[in-house]
Amino acid sequence: MIRMILKGVVIGIANIIPGVSGGTMAVSMGIYDKMIHAATHLLSEFKKSMQVLIPIIIGAGIGVVALARIIEIMFEKVPFQTNLLFIGLIIGGLPAMAKKVKGKTVRLGHLLSFLLFFVLVAGLALVGEQEGAAADLSFSLLNVIKLLGVGVVASATMVIPGVSGSMMLMLMGYYTPILTEINRFIDNLLDFNIQGLLEGCLVLVPFGIGVVVGIFAIAKVIEIIFEKFPEHAYWAIIGLIVASPIAILLMNSFGAINITAVLTGIVALAAGVAVALKLGEE
């Protein structure tokens with residue numbers, strides 16, 4: 001039980017860092033197949049599935065809460081270095097995915113899968129506004145529906161090895177606003193601010209429902225896709241990974257850039273690549 005909670009903490013931390021895949025971490029810790037099986041057999045094996053999922057969910061929640069504040073401060077204080085760190089994490093994850101298709105014949109369908117996801121991600125960044133600028137979190141029926149959809153998309157990508165759910169949130173312009181909302185909710189909880197908690201629930205509850213729906217809705221689809229069309233799936237993931245650094249450069253604010261920022265940014269980029277490469281070895 002404790003071990004599964006700790007593994008859930010690692011998955012939660014991975015999912016909140018753009019470029020780091022919670023699915024990949026689950027694979028490296030040997031619990032990915034158990035998670036997918038539990039999600040796809042929840043009704044037929046309810047007790048067994050809940051024994052797997054509950055500790056992971058608790059741990060993931062702890063991981064998200066623990067790191068959300070740190071990430072927010074990093075974006076506020078050192079945005080240039082933080083973005084380069086995330087770009088490094090994305091680039092460093094590419095070799096692990098490339099190994100999945102290495103030595104195999106590249107077909108037209110594989111290239112189309114790659115191009116589709118590359119164009120989709122780069123296109124969203126190109127036509128979109130700066131990250132966080134377009135996210136309206138005021139309470140309305142339309143925004144509730146949007147938050148449900150954002151939660152579904154983010155969580156669906158969270159469970160795909162090699163794909164970062166936080167990266168998808170960033171592409172949709174909701175990463176920073178949701179992160180800020182989580183931290184505000186925690187502050188209100190510590191201050192026993194009931195009004196603030198209720199206002200936070202208007203954002204986090206529909207987003208959370210979308211996350212849960214997305215995980216369970218996509219789990220079976222993922223299981224089938226990776227069973228029937230594994231190479232197409234991996235090429236699609238590679239397209240997403242290659243386009244993601246471009247999206248970060250297009251969508252984010254980097255603040256004032258000087259020689260110190262450039263040098264420390266290079267270090268952050270290299271550190272991100274090194275960490276992701278190490279994780280890919282598992």
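This is a predicted model, so every value here is computed, not measured. Just so you know, residue 1 is the first one in the sequence shown, and it goes up from there.
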Do [X] and [Y] come within less than 4.5 Å of each other through their side chains, counting heavy atoms only?
{"X": "Phe75", "Y": "Thr180", "result": "no"}
{"X": "Met74", "Y": "Leu85", "result": "yes"}
{"X": "Phe117", "Y": "Ile237", "result": "no"}
{"X": "Asn193", "Y": "Leu197", "result": "no"}
{"X": "Leu169", "Y": "Phe207", "result": "yes"}
{"X": "Val52", "Y": "Met4", "result": "yes"}
{"X": "Leu84", "Y": "Ile266", "result": "no"}
{"X": "Tyr174", "Y": "Lys146", "result": "yes"}

Within one Ile-Leu-Val-Met-Phe-Trp-Tyr cluster: [X] and [Y], side-chain cutoff 4.5 Å:
{"X": "Leu115", "Y": "Ile238", "result": "yes"}
{"X": "Leu142", "Y": "Val153", "result": "no"}
{"X": "Val273", "Y": "Val267", "result": "no"}
{"X": "Phe80", "Y": "Ile259", "result": "no"}
{"X": "Ile178", "Y": "Leu198", "result": "yes"}

Supply the members, apart from [X], of the Ile/Leu/Val/Met/Phe/Trp/Tyr cluster built from side-chain contacts under 4.5 Å; use none for a lone residue.
{"X": "Leu108", "result": "Leu112"}
{"X": "Phe229", "result": "none"}
{"X": "Ile224", "result": "none"}
{"X": "Ile73", "result": "none"}

Any pair counted as side-chain hydrogen bond (donor to acceptor under 3.5 Å, both in side chains), so long as it reaches [range], sequence neighbours left out:
{"range": "residues 257-267", "result": "Gln81-Thr264"}
{"range": "residues 53-64", "result": "none"}
{"range": "residues 196-209", "result": "Gln195-Glu199"}

Which atom pair, heavy atoms only, marks the closest approach of [X] to [Y]?
{"X": "Ile91", "Y": "Pro245", "answer": "CG1-CG, 4.2 Å"}
{"X": "Ile56", "Y": "Met35", "answer": "CD1-CG, 3.5 Å"}
{"X": "Ile257", "Y": "Ala261", "answer": "CA-CB, 4.3 Å"}
{"X": "Leu202", "Y": "Leu147", "answer": "O-CD1, 4.3 Å"}
{"X": "Glu181", "Y": "Gly200", "answer": "OE2-CA, 3.7 Å"}
{"X": "Gly12", "Y": "Val64", "answer": "O-CG2, 3.7 Å"}

Legend entry - For Ser113, all residues meeting side-chain hydrogen bond (donor to acceptor under 3.5 Å, both in side chains), sequence neighbours excluded: none
Inset, instruction - Identify, with sequence neighbours excluded, every residue that meets side-chain hydrogen bond (donor to acceptor under 3.5 Å, both in side chains) alongside Arg69. - result: Asp187
Legend entry - side chain to side chain contact (heavy atoms under 4.5 Å, CB included) partners of Val144, counting only residues at least two apart: Phe139, Leu148, Pro206
Would you give the length of the straight line joining atom [atom1] of [X] to atom [atom2] of [Y], rounded to the nearest 0.5 angstrom?
{"X": "Ile215", "Y": "Leu53", "atom1": "CD1", "atom2": "CG", "value": "9.0 Å"}
{"X": "Leu189", "Y": "Ile194", "atom1": "CG", "atom2": "CD1", "value": "8.5 Å"}
{"X": "Ile11", "Y": "Ile62", "atom1": "CD1", "atom2": "CD1", "value": "12.5 Å"}

Inset, instruction - Fit a plane to each ring of His110 and Trp235, take the angle between them on a 0 to 90° scale, and name the class: parallel (under 30°), tilted (30 to 60°) or perpendicular (over 60°). - result: parallel
Legend entry - Residue pairs, two or more places apart or on separate chains, that pass ring pair (Phe, Tyr, Trp, His ring centres under 6.0 Å) and touch residues 38-74: His37-His41
Legend entry - Pairs touching residues 42-62 that satisfy salt bridge (Lys or Arg N to Asp or Glu O under 4.0 Å), sequence neighbours left out: none
Legend entry - Verdict with reasoning, Tyr175 to Ile71, per side-chain contact (heavy atoms from CB on, under 4.5 Å): CA-CA 11 Å; Tyr175 178 75; Ile71 297 293; 3.2 Å; yes
Inset, instruction - Assess whether side-chain contact (heavy atoms from CB on, under 4.5 Å) is satisfied between Val203 and Phe185, documenting all intermediate values. - result: CA-CA 10 Å; Val203 174; Phe185 186 87; over 6 Å; no
